[in-house]
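One structure below.
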2 protein chains.
Amino acid sequence: MKRLRVRRATARGLDRKGADAESLAADLVIAAAALIGEHGPQGFSLREVARRAGVSEAAPYWHFAGKEALLAAVAEQGFINLAAAMAEARERSKDPRSQLRELGVAYVRFALAHPSHLRIMFGPEIPDKTAHPALHQAAERTFGLLLAAINEAQRAGDARAGNPFDLAVAAWAMVHGLSSLLIDGQLRDRVRGMREAQLLASRVTKLLEMGLVGR
Amino acid sequence: MKRLRVRRATARGLDRKGADAESLAADLVIAAAALIGEHGPQGFSLREVARRAGVSEAAPYWHFAGKEALLAAVAEQGFINLAAAMAEARERSKDPRSQLRELGVAYVRFALAHPSHLRIMFGPEIPDKTAHPALHQAAERTFGLLLAAINEAQRAGDARAGNPFDLAVAAWAMVHGLSSLLIDGQLRDRVRGMREAQLLASRVTKLLEMGLVGR
DNA sequence: ACCTGAACACCGTTCAAGT
DNA sequence: ACCTGAACACCGTTCAAGT
């Protein structure tokens, strides 16, 4: 029994204490996230994850309903990480207008740094988030962060009046669309490299900003 | 031999004349597009496409290098259809500013009408479009339509000065992001139904328009 | 030139059986 | 409670063989 646990830990290439006390569920999520990061959403398989965790191919089914449930756990962690990055970005500036700009930059930066993760968070692998309440909640919380920033900007006169939901969707659509186009290589002909992508992001975001601010 | 052709035609549920003269390649693309439309990109398999076309599982490999090549053909057709819808939309209005608005509406409408098709056109199933020259060209041509509309709007004073590429990317990112969020169900809690989605699209697009026009 | 049949190495999922 | 081993029905791709 003890040998088995050790096999699991070394199979992941990890060597930290307390591996015995960990649940296999957490190990599987970690292995899944790593696998997605390496080979993309396409190259992901439940059997390979089990192999990396050092367990049989049937073992994951004790902890997750199936492949989609494991991916949902990975996606949930992704939203938690994105929300943390956005919260941190917001704290970097004082005035609401530049806070919004920082939020957008953080979003695109996260997308470029973790493209495969973003695909799992938004892609068709999980057709209905409401089937995974924890994931659904994490996604809602992330959007809530943006909505709060919009609200504050409106109160400070740094965003035009109007339905805050519309403004938030506009901002979200812009950064999400730009991230998707960059990740999917749609702009690869004319935008080379991460640095150029970030510059494009700030120029493009500014164009929307003018519409959102209204002056 | 003739019996075989007939079997192919009826297997697709079609009964048009001239089926004998058609190439299997075209049949496979049609069957693939239909399958994707029904079951989404996930439920697509090359074997099932072959079954629907009434041929053996190895037959497609004579016409396509593999699964990705067949998907690339489907995606190419998608870009051709999208470009046609955009060109038609543009002809509906005279002044450049409302032409841009019509382009955006057409994009979102296409996405909502053919969500699975859009995913193939942009998703990770085809990681590198340059590996499929015809697809790459069709995608470029579609973006070129948007770029031309931006250029014309700038000449008419209906769009602010500046790098037309930046303006085009902003517009593209906005409608693409909104389409993605709608398709992926990210707004399902607060936007119910196609009609409400279209209304949201026109409100949100207007917010960007103010930034693009600059007055 | 174009297609079939059989094969290989994978995959997700289930289920009896073990501890 | 938690995991294994074996099985089932799939999948993408290859390749000799047919016509």
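We name chains A, B, ... by the order of the sequence lines, and we start the count at 1 in each one. Worth saying up front: this structure is predicted, and the values here are computed from it rather than measured.
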What integer distance in Å separates B:D27:CG from C:dC3:C1'? 14 Å

Among residues at least two apart in sequence or on other chains, which ones pass salt bridge (Lys or Arg N to Asp or Glu O under 4.0 Å) with B:E152? B:R90

Please list all pairs meeting salt bridge (Lys or Arg N to Asp or Glu O under 4.0 Å) that have one or both residues in residues 141-151 of chain A, counting only residues at least two apart or in different chains. none

Using the test ring pair (Phe, Tyr, Trp, His ring centres under 6.0 Å), find all partners of A:F44 that sit at least two apart in sequence or belong to another chain. none

For DNA chain D, determine which residues of residues 119-128 of chain A have any heavy atom closer than 4.0 angstrom to one of its atoms, and list them numerically. none

Using whole Å, what does the distance between atom P of nucleotide D:dC2 and atom CH2 of A:W62 come to? 6 Å

Return each pair, listed once, that meets salt bridge (Lys or Arg N to Asp or Glu O under 4.0 Å) where at least one residue sits in residues 104-115 of chain B; pairs must be two or more places apart or across chains. none

Sequence neighbours excluded and cut-off under 3.5 Å, please list the side-chain donor-acceptor pairs for residues 66-89 of chain A, or say none.
| from | atom 1 | to | atom 2 | distance (Å) |
| --- | --- | --- | --- | --- |
| A:E68 | OE2 | A:H132 | NE2 | 2.8 |
| A:Q77 | NE2 | A:N81 | OD1 | 3.2 |
| A:N81 | ND2 | A:Q77 | O | 3.4 |

For DNA chain D, report each stem as range with range, ordered by first number, or say none. Use Watson-Crick or G-U wobble pairs under 3.5 Å, at least 3 in a row. C:4-8 with D:12-16, C:12-16 with D:4-8

Mark yes or no for whether A:K129, through its side chain, and A:M121, through its backbone, hold a donor-acceptor pair below 3.5 Å. yes

Protein within reach of the bases, or only the backbone? For nucleotides 8-19 of chain C, mark each nucleotide 5' to 3' as B, S or -, using heavy atoms under 4.0 Å. ---BBBBB----

If you look only at distance, which donor and acceptor atoms sit under 3.5 Å apart when one is on a side chain in residues 184-191 of chain A and the other is two or more places apart or in another chain?
| from | atom 1 | to | atom 2 | distance (Å) |
| --- | --- | --- | --- | --- |
| A:D184 | OD1 | A:R119 | NH1 | 2.4 |
| A:D189 | OD2 | B:H136 | NE2 | 3.1 |
| A:R190 | NH2 | B:E140 | OE1 | 3.0 |

Under the rule for side chain to side chain contact (heavy atoms under 4.5 Å, CB included), what residues qualify as partners of A:A25, not counting sequence neighbours? A:S23, A:H63, A:F64

Output every pair passing side-chain hydrogen bond (donor to acceptor under 3.5 Å, both in side chains) with a member in residues 35-47 of chain A, not counting sequence neighbours, ordered by first then second residue. A:E38-A:R52, A:R47-A:E57

By the salt bridge (Lys or Arg N to Asp or Glu O under 4.0 Å) test, which pairs, at least two apart or in different chains, include something from residues 162-176 of chain A? A:D166-B:R203

Should A:H63 be listed as having a side-chain N or O under 4.0 Å from OP1 or OP2 of D:dC3? yes

